[in-house]
Amino acid sequence: MEVREGPGWRLAVDPGRQPFVVLVGGGDSDTGEWAAELTGEEARALQRGVQALVDQHRALVETLMEEEAIDLAMEQACDGGQLWLSLEGDRSRWRLRFVLCPGPGRRGVEGGWGCPASAALAGTLASLSL
């Protein structure tokens, strides 16, 4: 099992633990802590979606004024359901949120990370081979 974590976020990967091979978590003293297990397909969709939002933010950051806010969102098919992701913030600080609405008979998940945790989690997700 590979565990990576920092203030406000956690990511654990265990390929031998089927079907839920990834544990994601987050939270802080204001919101409390949360964690959810993801299938491999759900984790890969989260990884692709977060990277797409970070890339979009990076492409737009130079066009934003210092005080201007940005809200990017996307939805993608995921394991028979839908995964919605958003990146909200400004030029230098942003937070991530997600909602997983899987196919019938499966659990749904909602979570998010604060500003410093979002950047750290995004970097870690990008470096993982899922």
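Atoms considered below: every heavy atom in the structure, side chains included; atoms not considered: hydrogens, waters and symmetry mates.
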Exercise. What's the verdict on side chain to side chain contact (heavy atoms under 4.5 Å, CB included) for Val50 and Leu121, showing C-alpha distance, side-chain angles and the deciding distance?
Worked result: CA-CA 9 Å; Val50 166; Leu121 176 84; 5.6 Å; no

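- Taking the charged nitrogens against the carboxylate oxygens, Arg58 and Asp55 do have a contact shorter than 4.0 Å, which makes a salt bridge.
- Separating the NE2 atom in His57 from the OG atom in Ser92 is a distance of 7.5 Å, to the nearest 0.5 Å.
- Residues satisfying the side-chain hydrogen bond (donor to acceptor under 3.5 Å, both in side chains) criterion with Glu5, sequence neighbours excluded, are Arg10.
- Counting all heavy atoms, side chain and backbone alike, Pro7 lies closest to Ala117 at O-CB, 3.5 Å.
- Looking at every heavy atom in both residues, Gly49 comes nearest to Met74 through O-SD, 3.6 Å.
- Considering CZ of Arg48 and CG of Leu125, their distance stands at 12.0 Å, rounded to 0.5 Å.
- Side-chain contact between Leu96 and Leu87 is present, with at least one heavy-atom pair separated by less than 4.5 Å.
- Dense packing is recorded around CD of Gln76, with more than 12 heavy atoms of other residues, nucleotides or ligands lying under 6.0 Å away.
- Here Glu88 contributes atom CD and Leu53 contributes atom CG; the two are 10.5 Å apart, rounded to the nearest 0.5 Å.
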Exercise. Passes side chain to side chain contact (heavy atoms under 4.5 Å, CB included), Leu38 versus Leu100? Steps please.
Worked result: CA-CA 10 Å; Leu38 302 177; Leu100 174 64; 4.3 Å; yes

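- Using a 4.5 Å heavy-atom cutoff, the side chains of Thr63 and Glu68 are not in contact.
- The closest side-chain heavy-atom distance from Arg91 to Met65 is not below 4.5 Å.
- Smallest separation of non-hydrogen atoms from Pro15 and Val21: O-CG1, 3.8 Å.
- Considering every non-hydrogen atom in both Val3 and Ala12, the closest pair reads CG2-CB, 4.0 Å.
- Under a hydrophobic clustering in which Ile, Leu, Val, Met, Phe, Trp and Tyr are joined whenever their side-chain heavy atoms come within less than 4.5 Å, directly or via other members, Val99 and Trp34 fall into different clusters.
- Using a 30° and 60° split on the angle between ring planes, Trp113 and Phe98 fall in the parallel class, below 30°.
- Residues Leu85 and Leu130 fall within the same hydrophobic cluster, defined by Ile, Leu, Val, Met, Phe, Trp and Tyr side chains chained together at heavy-atom separations under 4.5 Å.
- Linking ILVMFWY side-chain heavy atoms closer than 4.5 Å, directly or via other members, places Val24 and Phe20 in two distinct hydrophobic clusters.
- Between Leu72 and Trp94, every side-chain heavy-atom pair lies at or beyond the 4.5 Å cut-off.
- Residues that satisfy the side chain to side chain contact (heavy atoms under 4.5 Å, CB included) test with Glu2, not counting sequence neighbours, are Arg4, Leu128.
- Judged as a side-chain hydrogen bond (donor to acceptor under 3.5 Å, both in side chains), and not counting sequence neighbours, the contacts of Thr39 are Glu42, Asp79.
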Problem set entry | Check against side chain to side chain contact (heavy atoms under 4.5 Å, CB included), Asp90 and Leu64 | CA-CA 8 Å; Asp90 58 28; Leu64 297 174; 5.9 Å; no

